Amino acid sequence: MNKSEQSKTLITKKKKTFKDLLKSFRVQKELWIICLIALVWVVVFCYIPMLGNWIAFFSYTPGKTMADSTFVGLKYFKRFFSLPDVWRILRNTLAISTLNLTIGFAVPIAFALLLNELRNGFFKRFIQTISYMPHFVSWVVVASLMFTLLGSDGIINEGLIKIGLLKEAVPFLNKAGLFWGILTSANIWKGMGWSAIIYISAIAGVDGELYDAGSVDGLGRFGKVWHITLPGIANTIILLFILGIGNILSAGFEQQLLLGNTMTQETYEVIDTYVYRYGVQMGNYSFATAVGLMKSVFGFGLVLLANKLSKKFTDMQLF
Amino acid sequence: MKKATSKILALMLATVLAAGCLAGCGKGSGGKKTGGELIASKLGFEGEPNEFGWVKPKETLTIDVYAGYGDMDEVLRDEKGGKATYDKWLLDNMNVKINYQYYSVDMDEKLNLMLASGDYPEVITWMSDDMANKFIAQGKALDLTDYIDKFGGNITRRMGNYYNMLRNSDGRVYKLAQYWGENPNVAGLDFGARYDYWLELGDSKIYETLDEYYDVMKRILKNHPTNDAGQKTYAFTSADKAGKNFLNAPLGAYGFVNGYKKNADGSFTHWLNTEEGLKVAKFINKCWREGLIDPDFLSNGYEEYTTMMTNGQLLGNLGTWWYAWTGGHQAWAVSEGDKYDIKKRFMNVSVHGDGVPMNQTSLLTSNYIGTTRCIITDKCKDPEAVIRWINWENSELGNYIVGWGAPSENNVWHIADDGTWVVNDEILDVDIKETTYHAIKEANGGELYAIATNLNWLKTDGRSDFSHLDPRIDRVSFYDYWPVDPKTGAFSNEGVNICWQYYTAPALDTTLYTTTFNPDDEITITKQTIEDKIWQEWAKMISADSEAACEAAFNSAKSEMNALGLADLEKYYSESYKSNLASYEGK
């Protein structure tokens with residue numbers, strides 16, 4: 001059995017039965033005790049808050065009980081779909097998410113592969129460390145950097161004017177047509193190094209003997225990447241891709257609010273920014289919850305679908 | 001076994017659903033009517049008022065107040081000792097202890113949590129009108145009407161008819177205004193320009209109309225196309241990422257309030273449905289096309305705005321008057337020290353629209369009941385005592401003590417033997433105004449515990465008695481005091497006079513224009529949707545390539561907004577005004 005097949009087997013595990021579960025409690029009780037705090041945390045902070053979803057179906061005001069609130073059924077779901085801008089908001093959300101899920105997803109993989117090819121250990125670690133840094137920079141600072149770079153008096157305008165590509169400054173951040181590109185670029189810059197960590201770890205786990213065997217078989221550097229490294233980390237890539245699909249309706253929030261303005265609103269407005277303004281800021285919690293619930297259900301459905309498709313086409317699945 | 005697992009899962013899901021349905025079904029008094037019979041105070045308010053006008057109770061009156069966003073640790077650190085000084089004075093002289101509580105989270109979020117959990121104090125202040133209404137609607141706020149009738153003489157006397165605007169449809173009062181009163185600010189929406197550069201033009205009179213302002217700014221820009229660092233200059237920019245100041249200021253010059261024109265028959269018309277609106281759009285678009293507006297105006301915040309002012313990239317100020325102070329002379333006076341020339345500053349100027357006299361502009365506004373409220377909640381054991389205290393706060397002397405800390409030789413004011421409230425000379429020195437103001441707050445407890453009080457503006461409204469006030473204080477508020485030369489009527493300080501001598505628009509009372517929106521009402525969604533769209537369309541009007549394109553954008557926006565329900569909003573604002581007027585008149 002080769003490495004790839006072993007990996008597939010790890011993912012496509014046999015389904016556990018309830019009896020197996022009980023047995024695992026008995027046999028691995030020490031491990032379960034260690035996990036107990038984490039499990040309690042998950043229940044308290046991830047599952048119990050889900051009970052609050054009832055307010056999506058009621059006209060809720062903080063302080064009122066369910067008995068005091070009027071049941072309105074799907075009113076807030078319908079309201080979302082009857083908003084005049086709903087399709088534009090959905091378009092923006094899906095477009096930005098798709099860009100993040102394609103370009104934004106591929107770049108960290110490419111970066112990890114390139115980093116893996118560096119032979120100088122010190123330089124490799126240096127680059128790797130530097131690449132993490134933007135992850136820790138707040139979006140407020142990133143927005144400020146973007147204004148400095150892309151403003152009318154910014155470095156990019158100055159440079160383009162100096163080399164004659166522009167006659168006069170272009171306010172890039174006021175151009176609705178450029179917003180998706182600018183946002184995706186900022187997302188990539190900020191998240192590339194951090195996201196690459198998991199791929200770098202996965203690459204480190206690829207058996208070195210495979211590379212030796214590849215050399216013997218006459219593979220060059222690109223050949224090794226294509227035939228050994230990429231298949232070696234395919235499970236990780238698929239796993240993260242499936243999880244990423246679950247967040248397709250979460251296209252960002254603070255970056256849009258910080259980088260966007262009224263000229264770019266037609267391309268920056270996404271579900272989260274809209275719900276923030278119409279739900280949270282206006283105190284309409286039922287509406288905000290309804291949209292949040294809808295996003296979660298849709299995201300969960302997509303994860304299930306992606307998992308199924310992955311199983312069908314690659315014989316690998318999350319669960 | 002698979003079947004058994006499914007059963008367990010189904011049972012768990014059913015339990016979660018049932019628990020969800022029961023969640024929040026705890027105790028709660030939603031809709032419970034409060035108030036009714038007066039609860040007599042047991043603290044022992046007996047005898048005559050003391051020299052501060054307060055009947056000192058036998059037992060200490062303790063009031064717990066939630067006062068919104070703030071750094072409680074910083075308050076408790078009390079580095080300058082103002083809290084300790086004021087607390088001691090309150091206890092010694094008034095037998096009162098106030099526990100003012102802040103949380104460093106958004107006030108609305110905290111109040112919603114308080115409502116949901118039922119964990120809130122006996123008094124909440126600085127809350128929005130909407131949040132006060134939420135507490136009232138759920139029976140969490142006490143009916144104060146009878147308490148105020150009996151113990152709130154200062155409140156009703158000084159508020160006059162405006163007190164009626166706090167009544168609900170049944171005529172009952174559940175909320176009080178916090179920081180209310182007539183606001184006689186000197187400047188409002190501004191059409192400012194660099195004073196030194198304006199002098200260079202040699203104009204014999206100050207500009208008074210939008211077109212004259214445009215002409216002046218264009219000439220100044222021509223004379224100063226770059227700043228000292230060689231950066232391109234502009235007449236204006238914006239700090240709100242939407243260019244709202246470019247709309248609000250010119251609309252103010254035409255007398256619009258909240259973006260609406262009040263017609264003679266009492267109806268309201270949105271600016272998009274008026275000729276004046278189109279004129280404003282064309283005016284700003286002309287400024288854009290002629291290079292007066294910073295192309296990055298949609299990206300700037302307050303910091304960028306004032307930085308551009310300080311580094312000389314902005315030659316004018318359109319909108320908020322005090323940006324021109326903080327970004328202009330206040331910054332230069334510090335950075336240039338002795339070399340600072342007093343003429344290097346922005347002057348705040350009021351202009352009027354075509355055919356609109358200056359006294360009918362709405363550049364300078366004053367909302368008598370303000371926008372923040374105070375309620376006494378159903379957790380309060382002694383509402384009489386709290387109303388007595390709030391009533392004392394609203395006495396003229398109470399106002400002074402709350403605003404400026406306890407009177408003493410160590411403070412900047414004291415009460416003379418003849419009863420006059422005398423201020424120290426340093427209060428009259430505008431050059432150290434910031435220093436004295438902060439010293440009063442930090443070292444004397446000024447403004448530390450305002451619960452539901454007047455703003456302490458000095459301009460008399462005929463209902464307040466300021467006869468004890470130091471006669472040297474003759475204009476604007478004690479908090480924001482600028483002395484005037486009695487002979488000429490000009491501000492005593494040359495710099496202040498330069499800034500404000502050309503601001504001649506009078507203050508318009510906009511209290512009756514107050515309009516509130518219920519979050520769950522369709523009209524609120526309509527309002528928000530239209531506002532969102534308008535600012536997008538406004539940006540297009542500003543940056544249109546030609547006047548024709550600007551007019552096309554205006555007409556397109558007009559059609560779109562009317563289709564979204566602008567007529568409903570016009571009607572809502574109009575009815576709200578009429579309702580406010582009826583309340584004000586006690587109908």
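This is a predicted model, so every value here is computed, not measured. Residue numbers start from 1 in every chain, and the chains themselves are labelled A, B, ... in the order their sequence lines are given, proteins ahead of strands.
A distance of 6.5 Å separates OG1 in A/T262 from CZ in B/F297, rounded to the nearest 0.5 Å. Taking CD of A/E266 as the reference point, atom NZ of B/K533 lies at 8.0 Å (rounded to 0.5 Å). Atom-to-atom distance recorded for A/N284:CG and B/I525:CD1 is 5.5 Å, nearest 0.5 angstrom. Separation of atoms CG (A/L258) and NZ (B/K241) is listed at 6.0 Å; rounding is to 0.5 Å. Separating the CG atom in B/N133 from the OG1 atom in A/T61 is a distance of 11.5 Å, to the nearest 0.5 Å.
Residues B/Q138 and A/D68 form no side-chain contact, since every pair of their non-hydrogen atoms from C-beta on lies 4.5 Å or further apart. Here the side chains of B/T529 and A/Y278 are in contact, with some heavy-atom distance below 4.5 Å.
Heavy-atom contacts from other residues, nucleotides or ligands closer than 6.0 Å to OH of B/Y302 number more than 12. A/L39 CG: more than 12 foreign heavy atoms inside a 6.0 Å radius. Within a 6.0 Å sphere centred on CZ of A/F300, other residues, nucleotides and ligands contribute 12 heavy atoms or fewer. Within a 6.0 Å sphere centred on NZ of A/K175, other residues, nucleotides and ligands contribute 12 heavy atoms or fewer. Heavy atoms from other residues, nucleotides or ligands lying under 6.0 Å from CZ of A/F253 number more than 12.
Of the residues considered (A/Y76, A/F58, A/F287), A/Y76 shows the highest number of contacts with chain B, using heavy-atom pairs under 4.5 Å. Between chain B and the options A/S152, A/P84, A/G154, the largest number of non-hydrogen pairs under 4.5 Å is found for A/S152. Per-residue counts of heavy-atom pairs under 4.5 Å with chain B were compared for A/N174, A/L173, A/L259; the largest is that of A/N174.
Under the side chain to side chain donor-acceptor pair (under 3.5 Å) criterion, the residue pairs touching residues 110-119 of chain B are A/Y285-B/N112, B/N112-B/K134, with sequence neighbours excluded.
Both the backbone and the side chain of B/D532 have a heavy atom closer than 4.5 Å to some heavy atom of chain A. Interface residue B/Q313: only side-chain heavy atoms are found under 4.5 Å from chain A.
Taking the charged nitrogens against the carboxylate oxygens, A/R277 and B/E531 have no contact shorter than 4.0 Å, which rules out a salt bridge.
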